[in-house]
Amino acid sequence: MTEATRVLVLNAGSSSVKYQLIEMADGERLAAGLVERIGEPGGRLVHTPRSGLKRETVQPFPDHAAALRAVAEELAADGLGLDSPELAAIGHRVVHGGKRFTAPTEITDEVLREIHRLVPVAPLHNPANIIGIEVARALRPDLPQVAVFDTAFHTTIPEYAARYAIDRAVADEHRVRRYGFHGTSHQYVARATAQLLGRDPATVNVIVLHLGNGASASAVAGGVCVDTSMGLTPLEGLVMGTRSGDIDPGVVFHLHRVGGLSVDEIDDLLNRRSGLLGLCGDNDMREIMRRAEEGDESAELAFRAYVHRLRKYIGGYYAVLGRVDAIAFTAGVGENAAPVRAAATEGLTELGIAVDPELNTIRSGEARVISPAYARVAVAVVPTDEELEIAQQAYALVHRGR
């Protein structure tokens with residue numbers, strides 16, 4: 001009998017589906033791809049099999065069902081169809097799991113209803129995740145489907161850190177608290193950092209900095225998250241590509257009462273027209289650094305604001321943890337922007353934090369330490385792998401149930 005050792009990872013967005021098929025025996029990517037512009041005239045599917053020779057299909061995909069059927073056809077063309085007996089599970093990224101979902105969970109009708117109930121606190125993400133789940137369940141109703149939640153890793157945050165200082169009854173009625181996001185990335189990177197240092201994750205305290213277009217920080221004590229920068233929504237915390245991050249709540253009232261902006265207009269401003277984009281008209285860190293080097297004042301302001309917020313969180317989480325063994329930079333900016341890493345850690349030698357200029361500028365896809373040997377705190381660049389983390393959690397859950 002053929003052993004089922006493969007997991008298909010699906011990440012369904014509002015108009016896209018990302019996917020990877022992973023062989024769990026060795027972590028090999030058997031296939032990966034992206035369907036984008038679902039529901040729009042110019043749909044596109046890019047499929048990359050194990051050979052690395054990409055195949056591109058340009059055609060309308062009227063809905064997610066059509067997109068996932070096209071994915072299934074591409075996989076079948078490589079002999080990796082969804083009907084394969086080697087497929088153990090489908091793992092779904094779900095952004096918001098609230099307080100209830102603290103671990104990967106096999107999807108049942110009741111679980112799906114609860115994910116629906118969480119839509120008000122994740123209106124941009126959970127509906128798309130639900131669509132992906134429903135379509136995948138229809139395609140393979142006999143196969144275990146596992147939800148892996150972005151918020152799950154952060155459910156260990158102490159109540160005093162998760163609570164906002166507002167009326168408790170109001171907060172409880174409307175589920176207002178710190179949930180945090182990017183949890184699969186923070187969990188993977190914290191563990192990978194400990195492995196890089198040759199230590200048991202249960203003995204290592206790590207500040208993880210996930211710096212992409214969305215950005216978040218977490219304080220991880222012995223593999224357990226004790227604080228994170230994103231809150232009820234992914235808007236709070238660090239300066240991001242288009243999101244403001246931390247802001248005085250009074251700004252919202254001021255913009256409404258004095259500026260005449262509606263709630264929806266303020267929502268759009270803070271989520272889509274703020275952050276780096278709002279400060280300098282660009283949300284690509286590479287372009288911002290280029291412009292700053294050429295003397296562009298708005299780009300330099302954006303860079304400094306971005307780094308200033310990072311440094312505040314590094315210092316704050318150092319205090320939360322009490323002892324820091326490592327700081328790990330990850331995601332697009334964290335893994336590739338050496339000037340960001342240098343500026344964020346500059347002048348912190350009294351805290352045992354330093355970056356070696358030569359090690360910092362080396363480009364590599366491998367996890368690596370970029371701090372000098374004398375530094376008390378290891379500074380590392382650790383490429384994240386959220387898809388592998390989702391696959392591993394889904395596979396482990398399915399096997400525990402057997």
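No hydrogens, no waters, no symmetry mates; every other heavy atom, side chains included, goes into these values.
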### Query
So Asp284 and Arg291, salt bridge (charged side-chain N to carboxylate O under 4.0 Å, His left out) or not? Walk me through it.
CA-CA 11 Å; Asp284 187 323; Arg291 286 170 51 190; over 6 Å; no
### Task
Run the numbers on Asp200 and Arg191 for salt bridge (charged side-chain N to carboxylate O under 4.0 Å, His left out), then give the verdict.
CA-CA 8 Å; Asp200 180 346; Arg191 186 175 62 249; over 6 Å; no
### Message
Test side-chain hydrogen bond (donor to acceptor under 3.5 Å, both in side chains) on Glu23 and Thr5; report intermediate values, then the result.
### Response
CA-CA 6 Å; Glu23 171 55 63; Thr5 58; 2.8 Å; yes
### Query
For Glu110 and Arg100, what are the C-alpha separation, side-chain angles and deciding distance, and is it a salt bridge (charged side-chain N to carboxylate O under 4.0 Å, His left out)?
CA-CA 12 Å; Glu110 172 55 31; Arg100 173 175 172 180; 3.5 Å; yes
### Task
Run the numbers on His96 and Phe181 for ring pair (Phe, Tyr, Trp, His ring centres under 6.0 Å), then give the verdict.
CA-CA 8 Å; His96 215 307; Phe181 299 89; 5.3 Å; yes
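Within a 6.0 Å sphere centred on CD of Glu346, heavy atoms belonging to other residues, nucleotides or ligands number 12 at most. For Arg290, the CZ atom is densely surrounded, since the number of other residues' heavy atoms within 6.0 Å is greater than 12. The number of heavy-atom neighbours closer than 6.0 Å to CD of Glu358, taken from other residues, nucleotides and ligands shown, is 12 or below.
Panel note: side chain Tyr19, backbone Leu8; no donor-acceptor pair is recorded below 3.5 Å. No donor-acceptor distance shorter than 3.5 angstrom exists from the side chain of Asn11 to the backbone of His92, with no hydrogens or angles considered.
Classification of Arg163 and Asp172 as a salt-bridged pair holds, one side-chain N sitting under 4.0 Å from a carboxylate O.
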What pairs of donor and acceptor atoms, side-chain ones from residues 323-340 against any protein atom, are under 3.5 angstrom apart with sequence neighbours left out?
| residue | atom | partner | partner atom | Å |
| --- | --- | --- | --- | --- |
| Arg323 | NE | Asp325 | OD1 | 3.2 |
| Arg323 | NE | Asp325 | OD2 | 3.3 |
| Arg323 | NH2 | Thr203 | O | 3.1 |
| Arg323 | NH2 | Asp325 | OD2 | 2.7 |
| Asp325 | OD2 | Asn205 | N | 2.8 |
| Thr330 | OG1 | Glu335 | OE2 | 3.3 |
| Thr330 | OG1 | Val382 | O | 2.6 |
| Thr330 | OG1 | Thr384 | N | 3.0 |
| Glu335 | OE2 | Ala331 | N | 2.9 |
| Glu335 | OE2 | Thr384 | N | 3.0 |
| Asn336 | OD1 | Arg363 | NH2 | 3.3 |
| Asn336 | ND2 | Gly332 | O | 2.8 |

